[in-house]
2 protein chains.
Amino acid sequence: MATLRALECLVAVADTGSITDAARLLHSSQPAVSQQIAALERETRTALLRREARGVTLTPAGRAALAEARRAIDAAASAVRSARATGEAEGGSLRLACAQSLTVPLLAPVIRAWHRHHPRVAISIREAVSPDGLFGPADGEAIDVFVLPGPVDGRFTTTVLAEEEIVVTAPRGHRLAAAGAVTLAELDGADLVHFAPDNSLSDWLDRSLSAAGVRLRPVVRTSVTSAAPQLAAAGLGIAISPVSAVSAGFPGVVRSFSPRWTRRLVAATPGEPDPLAARFIADLRTRGVRVPRDVRAQLGDDAP
Amino acid sequence: MATLRALECLVAVADTGSITDAARLLHSSQPAVSQQIAALERETRTALLRREARGVTLTPAGRAALAEARRAIDAAASAVRSARATGEAEGGSLRLACAQSLTVPLLAPVIRAWHRHHPRVAISIREAVSPDGLFGPADGEAIDVFVLPGPVDGRFTTTVLAEEEIVVTAPRGHRLAAAGAVTLAELDGADLVHFAPDNSLSDWLDRSLSAAGVRLRPVVRTSVTSAAPQLAAAGLGIAISPVSAVSAGFPGVVRSFSPRWTRRLVAATPGEPDPLAARFIADLRTRGVRVPRDVRAQLGDDAP
DNA sequence: CGTAGCCATTCGAAAATCTTATCGGAAGCA
DNA sequence: TGCTTCCGATAAGATTTTCGAATGGCTACG
């Protein structure tokens, strides 16, 4: 394979019409350029230059090589340039994998900001409702940043993005509407809008309740996290979910737990995050989880 | 500037997902590839690979560099390939400069053949009516092969393409029609269709006639070589021109000189001809000058 | 006829690259 | 847990490549 250096020399010679001048242009010596050209001619088995009294001119073979040589040099320069640009969030692509329920409240605002401030960075998202779906088959596409409820496997580097409050939701007029904050115990025996098994909140909720010794009666199960509070508000029972699943204008009752119950949202990267991912994660962290205003009103002043 | 070698390593690593496998693919050792990648990362000031337990994956910066790296490698390979192809008349471009009068009878058939047999070679022609016009301002475009009446400047390498006969043409019924071959002397005093000063045949004819001590009366001058015989046939007088200027179906009398009078047609290249030019010149030589059939009939059996 | 400009070649020095050997970490397995 | 295996990084020495200074040949020019 020809050396980039040799191609550079060819281009310089073509541009200056002289090996000596090309050497000056390249901050090199005349023999160095001469030898690079000679090497190239050895490789192509053809004369690339016509040696004349006053400098050199290109042979047809030299002309043919010249165009491609320029392309090669440009591409090589562009390779390091775009890599460097990516390191500075001025280009490249970022591949995210996100727990489905977090896409809208957590990712969306940051992605929107990036489209404005880093328009040359192409962001792609893969969504899933369970860690298996996130970490699972990579489709040959490696993921740069995972966004999900923590904790996660130790081989990932994790950054805590937010402590998200767990709340209970109920229909308007439900007895909980009177209380300020709710204890888990007082929910015992209530009808529960549960999650479907493919939603990882299902297992999580079961474990949490049995750990607290509380029993609830599942009356319906849904895969879509944000559907649970809606179904609860529709009168099916109560729902226990992250506050981010409660949409703005929620038509029911929202109550915090006492003591406060939260879950951790983290960003995970395989190994040390590269600069682009690190930047994105930093933005995720400073923005945190957006809790809709009217839901905050129902929760009290110290809501996240 | 990054090395092509380093970019090759990056591509190989991306393709295999492992430095060790990439080294195998490149018939190199694992540390060699590792160092090349390290050098590239030093140059881009960014991590290009994520080192994981089982091989490596590309970071966003690595992905960004990868695409350009492939382009660079392809272009470099393509540069030597197309240079080599040009050496074998399988590509490239050939720039010709040709005395205007020779384009049709000499160049055209060979170019037609090349368009068929070497379709990937792009041929361009510059025409002129005098050597000055041929060798003159290069327009920044160097010429590979000059085709013109010889002899030419000694700094060119010349190849004799053909000995072209000089003939005299006259209107039908002219007294020359009776003769077999004509001597220059017997033309003395005749009306001559001459060439315009910008046509180099003008000087050439004047020198030739005065050297022979023959005087003719110029009655008209033309720049276009092939127009002279036509004007002669139209009754203006006689014309003296290369036989290639006499078209097929010429409506007049064509006579050889006695002794036979010829001029040399040569191909000239600056310095040693490159393979492509050499090939083209060889074809020019074997094809020679085509003299139209019915003109040959008027000249006799030994016409070229 | 001497001078100047340009390229090729030679040769020793400098630099880059490769290879061998070795280390450390992580994953898989018993 | 402890052992083995796999993979990448590092160190050091050897090899190859590249470079630079000096030189020679050639041509154009005055």
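Each chain gets a letter, A, B and so on, in the order its sequence line appears, and its residues count up from 1.
Taking atom CG of residue A:Leu4 and atom C1' of nucleotide D:dT17, one finds them 16 Å apart after rounding to whole Å. One atom, CD1 of A:Ile19, and another, C1' of C:dT9, lie 13 Å apart when rounded to the nearest Å. One can place CZ of A:Arg50 at 16 Å from C1' of C:dC7, the figure rounded to the nearest angstrom. Taking atom CG on A:Leu49 and atom C1' on C:dA8, their separation rounds to 13 Å, with Å as the unit. Taking atom CG on B:Asp21 and atom C1' on D:dG8, their separation rounds to 12 Å, with Å as the unit. Rounded to an integer number of Å, the gap from CD of A:Glu41 to C1' of C:dA8 is 12 Å. The interatomic distance linking B:Leu26 (CG) with C:dT17 (P) rounds to 14 Å, in whole Å. One interatomic measurement links the two molecules: CZ of A:Arg54 to C1' of C:dT3, which rounds to 12 Å at whole-angstrom precision.
At D:dT17, none of the side-chain N or O atoms of A:Gln36 fall inside 4.0 Å of OP1 or OP2 (strictly under the cut-off). Residue B:Thr20 places at least one side-chain N or O closer than 4.0 Å to OP1 or OP2 of D:dG8. In this model, the phosphate group of C:dA16 is not approached by any side-chain N or O of B:Thr3 to a distance below 4.0 Å at OP1 or OP2. Of the side-chain N and O atoms in B:Ser28, one or more sit less than 4.0 angstrom from OP1 or OP2 of C:dT19. Put simply, A:Ser34 has no side-chain N or O that comes within less than 4.0 Å of OP1 or OP2 on D:dC19. For B:Arg5, a side-chain nitrogen or oxygen approaches OP1 or OP2 of C:dC18 to under 4.0 Å. Listed pair B:Ser18 / D:dG8 meets the phosphate criterion, a side-chain N or O lying under 4.0 Å from OP1 or OP2. Proximity of B:Arg51 to the phosphate of D:dA9: a side-chain N or O atom is located under 4.0 Å from OP1 or OP2.
At a cut-off of 3.5 angstrom, the base of C:dT19 holds at least one donor-acceptor pair with the side chain of B:Gln35. Side-chain N/O atoms of B:Glu52 and base N/O atoms of C:dA26 include no donor-acceptor pair closer than 3.5 Å.
Side-chain contact, B:Arg63 with A:Ser93: a donor N or O sits under 3.5 Å from an acceptor N or O.
Under the 4.0 Å criterion applied to side-chain N and carboxylate O atoms, A:Glu90 and A:Arg120 are not assigned as salt-bridge partners. Salt bridge B:Asp21/B:Arg24: present, at least one basic N to carboxylate O contact under 4.0 Å. Under the 4.0 Å criterion applied to side-chain N and carboxylate O atoms, A:Glu41 and A:Arg51 are assigned as salt-bridge partners.
Toward the 5′ end of DNA chain D lies the nearest nucleotide of B:Gln30, the other residue of the pair A:Val33 and B:Gln30 mapping further downstream. Sequence order on DNA chain C of the closest nucleotides to B:His27 and A:Gly17 puts A:Gly17 first from the 5' end.
Residue A:Ala53 has its side chain nearest to D:dT27 when only C:dT20, D:dA22, D:dT27 are considered.
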Next on the checklist: The test is side-chain contact (heavy atoms from CB on, under 4.5 Å); show your working for B:Thr44 and A:Arg81 and say whether it passes.
Outcome noted: CA-CA 7 Å; B:Thr44 58; A:Arg81 189 165 357 99; over 6 Å; no
Next on the checklist: Checking A:Arg279 against A:Asp274 for the salt bridge (Lys or Arg N to Asp or Glu O under 4.0 Å) test, could you report, in this order, the C-alpha distance in whole Å, the side-chain angles of both residues, the deciding distance, and whether it holds?
Outcome noted: CA-CA 9 Å; A:Arg279 221 156 169 139; A:Asp274 54 278; over 6 Å; no
